[in-house]
Amino acid sequence: MKENFSWPPHFVSRIQARKGFDAQAFFKALQEDAPISIRFNPLKTNAEEIQTLFENNLENVPWTETGFYLPNRPNFTLLPALHGGHFYVQEASSMLLEQAIIQTKLNQPKLTILDACAAPGGKSTHLLSLLSRDTLFVSNEVIKSRASVLHENLTKWGHSNVVITNSDPSIFGKTEGWLDAIIVDAPCSGEGLFRKDAHASEEWSVNNAQLCAQRQTRILEDLWPALKENGLLIYSTCTYNPDENENNLTRFIKNNNAESIELNLQNVWGIEIVKTESIIGYYCFPHLVKGEGFFLSVLRKKSAMSHAKLKSKKSVFTSLEKKHTYVKEWINDSSTLFQYKDQILALPIEHIPTIDFLTQHAYLISCGLMMGEIKQNKVIPSHALALSIALKENEFPFIDLEKEEALLFLRKDQFNHDAINQAENGFNLMRYHNVHLGFINKISNRYNNLYPPEWRIRMELK
Ligand code: SAM
């Protein structure tokens, strides 16, 4: 239980004025510790392994197949499974997104879906686990430093049907009717994080909340043209402020030809339904739901002016030189290999026009699966390949490490290990149980650790 907490007075009076709302229970819950939860990567691990990793009898997050509450907060950095993309630390209410995806059938094959405000990657990793693997998923973050974190988290998650961009959302709406769905997890005043993050309440002001609402409207207006007819927009925030949620969407729907989509959520989950004349939205409040504050609503575009068939002038991707085609053997995936400068990329061929279009209009951070880099006529396998769900078992020799050595490897510390000493020259995949950690390049009696330096663990190991 936290003590001496004071909330901004305007926030308190707005919450107290909510009709039929138990404000006392709400503020009591805000003083309690936030629940800890994780979501696992079903293409790398399973519920049993996660139960064993933390402790048995973990409680499920009811609205998702892959979420668990943890009884306490472990030191996540010291768990190799985190660095191998086996799980992601995410607060539970946000996982409600799964219901919106499944119930609106966005998990059907071959769609094009944009997550417009994606860093650090909670929703994007979740979406990748839910969407069909032949859907093209564009994960965008406007702030450069945050886009790097997004890149790291998505690389670890290991999917190849994703393009990561670092652009203002407005660039996506400059072309009409090319997206089947857009996820807008909008920047907001963050009231839902007040108990998790004390700074969130210090930074709160009426003025800032108004600015957030204006920015959210702008993001929606900018993106809306990109949706196809019947395309879906999933809007969410982590704030309780109606002006950033249902009121904002009500205004938006008046000017745009859209309808609000109802979801079927179980009463026992405690999620509150809010309705305006045109919008139905869903709130998670911390005294009713085991999670942080969250709002979600789904809109459908009723009609679109045009349905774009994306064409590009000339692709930046060239065919793979014959001498490198052997690298296709490294993966178990229907992608086609291309070269871009000295990189070899595995890309979904049916989405090439869209990817080409993105290369011309957005700033791309990564695209499909970066298999490796060509250096002096040899292909150096990438870290993304080591962590990819497409990597074929046994294509590279494994070296199995104990936990302490796995952490030393993740720190990029040099250490002596019999299996490394005895390993063949060339690329070896470092592994801790079934967690892929990264490659080393063994060169006679030494080795290079190919773990990306910027992602290494910096914490001292005791
Ligand atoms: N979806 C993320 C997740 O689940 O991990 C969290 C997204 S966070 C709520 C909102 C994101 O919007 C932040 O990463 C922020 O940098 C980004 N953002 C800030 N200003 C923006 C703008 N004007 N347009 C689009 N995104 C913006």
Side-chain angles (χ1 to χ4, degrees), residues 37-39 41 61 63-64 66-67 76 82 85 87-98 100-101 113-131 137-157 162 164-174 181-194 196-197 199-200 203-204 208-224 226 233-241 244-245 248 252 284 291-297 362-363 365:
S37 48
I38 55 112
R39 186 173 37 69
N41 184 341
V61 177
W63 39 89
T64 166
T66 51
F76 287 115
L82 177 75
F87 71 89
Y88 188 93
V89 185
Q90 187 184 32
E91 77 79 26
S93 304
S94 307
M95 302 179 197
L96 192 61
L97 178 64
E98 180 159 326
I101 298 296
I113 297 184
L114 167 71
D115 182 358
C117 311
K123 312 277 182 319
S124 278
T125 51
H126 197 181
L127 286 159
L128 282 164
S129 297
L130 296 169
L131 302 177
F137 180 62
V138 184
S139 183
N140 177 68
E141 167 59 42
V142 68
I143 296 176
K144 197 169 180 212
S145 57
R146 292 179 61 84
S148 308
V149 181
L150 177 68
H151 181 211
E152 175 179 352
N153 287 330
L154 294 193
T155 302
K156 290 176 176 172
W157 211 246
V162 52
I164 305 175
T165 56
N166 173 210
S167 294
D168 189 88
S170 58
I171 67 106
F172 300 102
K174 292 217 166 97
I182 304 176
I183 320 303
V184 179
D185 188 30
C188 70
S189 58
E191 294 170 2
L193 302 179
F194 277 4
K196 207 172 136 192
D197 173 6
H199 295 298
E203 280 166 20
W204 188 96
N208 184 35
Q210 274 166 1
L211 289 174
C212 285
Q214 286 162 13
R215 182 166 54 181
Q216 289 146 1
T217 305
R218 195 177 65 236
I219 293 172
L220 289 171
E221 298 280 2
D222 283 347
L223 287 167
W224 189 250
L233 188 144
I234 302 179
Y235 179 84
S236 60
T237 69
C238 57
T239 197
Y240 310 109
N241 180 6
E244 297 178 63
N245 297 330
N248 220 348
F252 178 77
C284 297
E292 296 307 78
F294 188 62
F295 171 85
L296 180 138
S297 184
Y363 183 77
I365 294 199

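Atoms within a ligand are numbered from 1 in the order they appear, just like the ligands themselves.
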Peer 1: Answer yes or no: is there a donor N or O on one side and an acceptor on the other, between the side chain of Ser129 and the main chain of Thr125, under 3.5 Å?
Peer 2: yes
Peer 1: Below 4.0 Å from any atom of ligand 1, which residues have a heavy atom? Give them in chain and number order, please.
Peer 2: Cys117, Ala118, Ala119, Pro120, Gly121, Gly122, Lys123, Glu141, Val142, Ile143, Arg146, Pro169, Asp185, Ala186, Pro187, Arg215, Ile219
Peer 1: Would you call the rings of Phe76 and Phe87 parallel, tilted or perpendicular if under 30° counts as parallel and over 60° as perpendicular?
Peer 2: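 Rings of Phe76 and Phe87: tilted, as their planes differ by 30° to 60°.
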Peer 1: Donor-acceptor check, side chain of Trp63 to backbone of Ala92, threshold 3.5 angstrom: yes or no?
Peer 2: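 Answer holds: yes.
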Peer 1: Looking just at side-chain N and O atoms, do Ser236 and Asp185 make a donor-acceptor pair shorter than 3.5 Å?
Peer 2: yes
Peer 1: Dump the intermediate steps for side-chain hydrogen bond (donor to acceptor under 3.5 Å, both in side chains) on Thr66 and Thr64, then the final yes or no.
Peer 2: CA-CA 6 Å; Thr66 51; Thr64 166; 3.3 Å; yes
Peer 1: Quick check: do Val138 and Phe172 have side-chain heavy atoms less than 4.5 Å from each other?
Peer 2: yes
